Amino acid sequence: MKNNKNLLMMLSCSAALFAACNGNPKTTDSTVKDSASTTTQHVPDSANFEADLQGQKVKLFTLKNTSGATVAITNYGGRLVSLLVPDKDGKATDVILGYDSVKSYQKRGEPYFGAIIGRYGNRIAKGKFTLDGKAYQLDINDGVNTLHGGFNGFYGKVFSAKQLSASQLELTYVSKDGEGGYPGNLTATVVYTLGDDNSLKIEYKATTDKTTVVNLTNHAYFNLNGAGSPTITDNVLQINADAFLPVDTTLIPTGKLQPVKGTPFDFTVSKTIGKDIGTADEQLKNGKGYDHNFVLNKHDLTTPIATVKSTVTGITLEVFTEEPGLQFYSGNFLTGATKDGKGGKAYPYRSAFCLETQHFPDAPNQAAFASTVLKPGQTYHTVTIYKFSK
Ligand code: GLA
């Protein structure tokens, strides 16, 4: 354990030294260098996000605070494009993966980067469910299941946008009755607020005119060493969950709640994401790594349900949520095949992790899981906060 730690420290020091020796010039504007990589950290050119799509204007919006953080968001998919936070040396580091233009997002190499996921985060078995005695069929876009709202989920929709202040953006999308197979006209509003404490609050609201199911989340792909760094297996993770949801080979929860104790899924005490990821374990095999929902211990918005730390940049992420579950995905489907990421970077296998706060996958078919049903007259309301420190 101690030896591992020393080795890690040595590796991160040599990474930092390499960056320092590689002749990175100092810059003074918002285009700054990060200590973990040799490439430039900046918010993409907003001109590359100007487009007329779906009868609406697409744009890139920027939120800033007084503590040196910058968040860039496009209303195409309600996406987080860049999230720059200070590292241990005060240098801005972009900690999320993304693309430099709306055109690149439209190519859907990785369709979910930073997006608002709706109407339903994660999978619903065979894309089927029954509500009030009526059967619904959704898009089958992930093997035999539906994933993240189907072929035309919110990740491909243009939201109407209202910048409320320098640090707050409101996005609204009206999903028509029947879209993706889901019942009811659903009006979803997402408000992003960047706090001066380097917290990014995401507040979700939704209403419907017919009984439906809804499970919204954000699909940011984080790398606390800096987006474009080769791996996240050295990021140190803790999750307040004594149980997780085992899945079948199509990644649908079996319905059991399995205690994490004695399994590679035990993140109750911090460990690197990579520590047990290579263990011969049926669940890791099914997920091709971690791609599972963690059953969060009793919590409220005042205590973090997950904490991640980079020993390279010193950046720590704390996640707060009102949701009962956390989908932890270790970037197992990333390939790094093309250098189409921000700044021409490739995003290799396991070079990002996702912590998607949500109700459990397949809840519409699993009566023992907390309900995701929304009825007319009710308001879906949930808050998640990603808070950064160093
Ligand atoms: C979620 C899913 C994963 C994968 C990613 C996107 O985290 O659980 O299986 O589909 O989204 O690639």
Side-chain angles (χ1 to χ4, degrees), residues 77-80 96-99 105 107-127 138-156 180 215-223 227 232 235 237 239 241 244-254 265 267 273 277 283-296 306 308 319 321 323-338 340-341 346-364 366 369 372 384 386:
R79 287 161 196 277
L80 296 171
I96 59 166
L97 276 54
Y99 297 121
Y105 281 102
K107 285 187 196 151
R108 295 188 171 188
E110 170 47 69
Y112 310 119
F113 275 163
I116 295 298
I117 301 296
R119 293 186 184 194
Y120 200 96
N122 214 271
R123 296 174 177 79
I124 296 176
K126 313 266 172 7
L138 312 170
D139 294 348
I140 303 297
N141 65 324
D142 186 68
V144 294
N145 302 315
T146 192
L147 173 66
H148 294 332
F151 289 116
N152 271 304
F154 290 9
Y155 59 89
N215 193 22
L216 305 181
T217 190
N218 176 280
H219 210 315
Y221 282 65
F222 296 100
N223 186 330
I232 43 79
N235 284 193
L237 171 66
I239 305 177
F244 75 105
L245 301 179
V247 291
D248 66 16
T249 54
T250 75
L251 293 179
I252 294 292
T254 60
F265 293 79
F267 284 93
I273 292 174
I277 207 167
Q283 281 306 313
L284 284 175
K285 193 170 159 215
N286 286 354
K288 301 187 171 50
Y290 296 105
D291 195 352
H292 296 76
N293 207 276
F294 283 69
V295 180
L296 298 172
V308 197
V319 185
T321 190
E323 288 300 297
L326 180 74
Q327 182 79 14
F328 166 41
Y329 166 61
S330 51
N332 315 309
F333 298 127
L334 294 171
T335 63
T338 39
D340 59 352
Y347 295 135
Y349 179 59
R350 294 192 180 150
S351 67
F353 63 85
C354 302
L355 293 172
E356 302 150 70
T357 58
Q358 56 184 69
H359 274 52
F360 299 169
D362 201 35
Q366 308 219 19
F369 291 173
T372 51
T384 288
Y386 294 105

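Computed from a predicted model, the values in this text were never measured in an experiment. As the structure lists them, so they are numbered: ligands from 1, and atoms in each ligand from 1.
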Trainee: Using a strict 4.0 Å cut-off to heavy atoms of His148, name the atoms of ligand 1 that fall inside it.
Mentor: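 Reading through ligand 1 atom by atom, the close ones are 1 (C), 2 (C), 11 (O).
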Trainee: May I ask you to check if ligand 1 and Asp291 share an N or O to N or O distance below 3.5 Å?
Mentor: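 Yes: some nitrogen or oxygen of Asp291 is under 3.5 Å from one in ligand 1.
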Trainee: Relative to each other, are the rings of His292 and Phe265 parallel, tilted or perpendicular (30° and 60° limits)?
Mentor: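 Correct class here is perpendicular.
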Trainee: Give me the residue, atom name and distance of the protein heavy atom closest to atom 6 (C) of ligand 1.
Mentor: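 Nearest neighbour among protein heavy atoms for atom 6 (C) of ligand 1, to 0.1 Å: Tyr221 OH, 3.3 Å.
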Trainee: Can you tell which part of Asn332 has a heavy atom less than 4.0 Å from ligand 1: side chain, backbone, both or neither?
Mentor: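 For Asn332, there is no contact with ligand 1 at all, from either part.
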Trainee: Strictly under 4.0 Å, does any heavy atom of Phe113 approach an atom of ligand 1?
Mentor: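 In this structure, Phe113 fails to qualify as a contact of ligand 1 - no heavy atom is under 4.0 Å.
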Trainee: Any atoms of ligand 1 less than 4.0 Å from a non-hydrogen atom of Phe333? List them with their elements.
Mentor: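 Once the distances to Phe333 are compared, the set is 4 (C), 9 (O), 12 (O).
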Trainee: Ignoring hydrogens and geometry beyond distance, is a side-chain donor-acceptor pair present between Glu323 and His359 at under 3.5 Å?
Mentor: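 There is such a pair (donor and acceptor under 3.5 Å, judged by atom type) between the side chains of Glu323 and His359.
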Trainee: If you count the atoms of ligand 1 from 1 in the order shown, which ones are under 4.0 Å from a heavy atom of Arg123?
Mentor: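 Listed by number with element, the hits are 2 (C), 3 (C), 8 (O), 9 (O), 10 (O).
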Trainee: Any side-chain heavy atom of Val247 within less than 4.5 Å of one from Asn293?
Mentor: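 No; the side chains remain at least 4.5 Å from each other.
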Trainee: Using a strict 4.0 Å cut-off to heavy atoms of Tyr112, name the atoms of ligand 1 that fall inside it.
Mentor: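 Taking each heavy atom of Tyr112 in turn, ligand 1 has 6 (C) under 4.0 Å.
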Trainee: Just need the protein heavy atom nearest to atom 7 (O) of ligand 1, so name the residue and atom and give the distance.
Mentor: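 The closest one turns out to be Glu356 OE2, 2.9 Å.
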Trainee: In the structure I gave you, are the side-chain heavy atoms of Tyr347 and Thr338 within less than 4.5 Å of one another anywhere?
Mentor: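 No, their side chains stay 4.5 Å or more apart.
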Trainee: List every atom of ligand 1 that sits less than 4.0 Å from any heavy atom of Glu110, numbering the atoms from 1 in the order shown and giving each element.
Mentor: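 Those qualifying, in numeric order: 12 (O).
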Trainee: Checking Asn215 against Arg119: is there a side-chain donor and acceptor pair closer than 3.5 Å?
Mentor: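 Note: Arg119 and Asn215 side chains miss the donor-acceptor criterion.
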Trainee: Could you tell me the residue and atom name of the protein heavy atom closest to atom 10 (O) of ligand 1, and the distance to it rounded to 0.1 Å?
Mentor: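 The protein heavy atom lying closest is Leu147 CD2, 3.3 Å.
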Trainee: Any side-chain donor paired with an acceptor under 3.5 Å for Asn145 and Thr250?
Mentor: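 There is such a pair between these side chains.
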Trainee: Considering only non-hydrogen protein atoms, determine which one is nearest to atom 5 (C) of ligand 1 and report residue, atom name and distance to 0.1 Å.
Mentor: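 Ranked first by proximity to atom 5 (C) of ligand 1 is His219 NE2, 3.6 Å.
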Trainee: Could you check whether the rings of Phe294 and Phe328 sit parallel, tilted or perpendicular, using 30° and 60° as the cut-offs?
Mentor: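 The rings of Phe294 and Phe328 sit tilted, inter-plane angle from 30° to 60°.
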Trainee: Using a 4.5 Å cut-off on heavy atoms from C-beta on, say whether the side chain of Thr335 contacts that of Tyr349.
Mentor: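 No; the side chains remain at least 4.5 Å from each other.
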Trainee: Would Asp291 and Gln327 count as having a side-chain donor-acceptor pair, cut-off 3.5 Å?
Mentor: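 Side chains of Asp291 and Gln327: pair found under 3.5 Å.
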Trainee: Tell me which part of Asn122 gets within contact of ligand 1: side chain, backbone, both or neither, using heavy atoms under 4.0 Å.
Mentor: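 Within the 4.0 Å criterion, Asn122 contacts ligand 1 through side-chain atoms alone.
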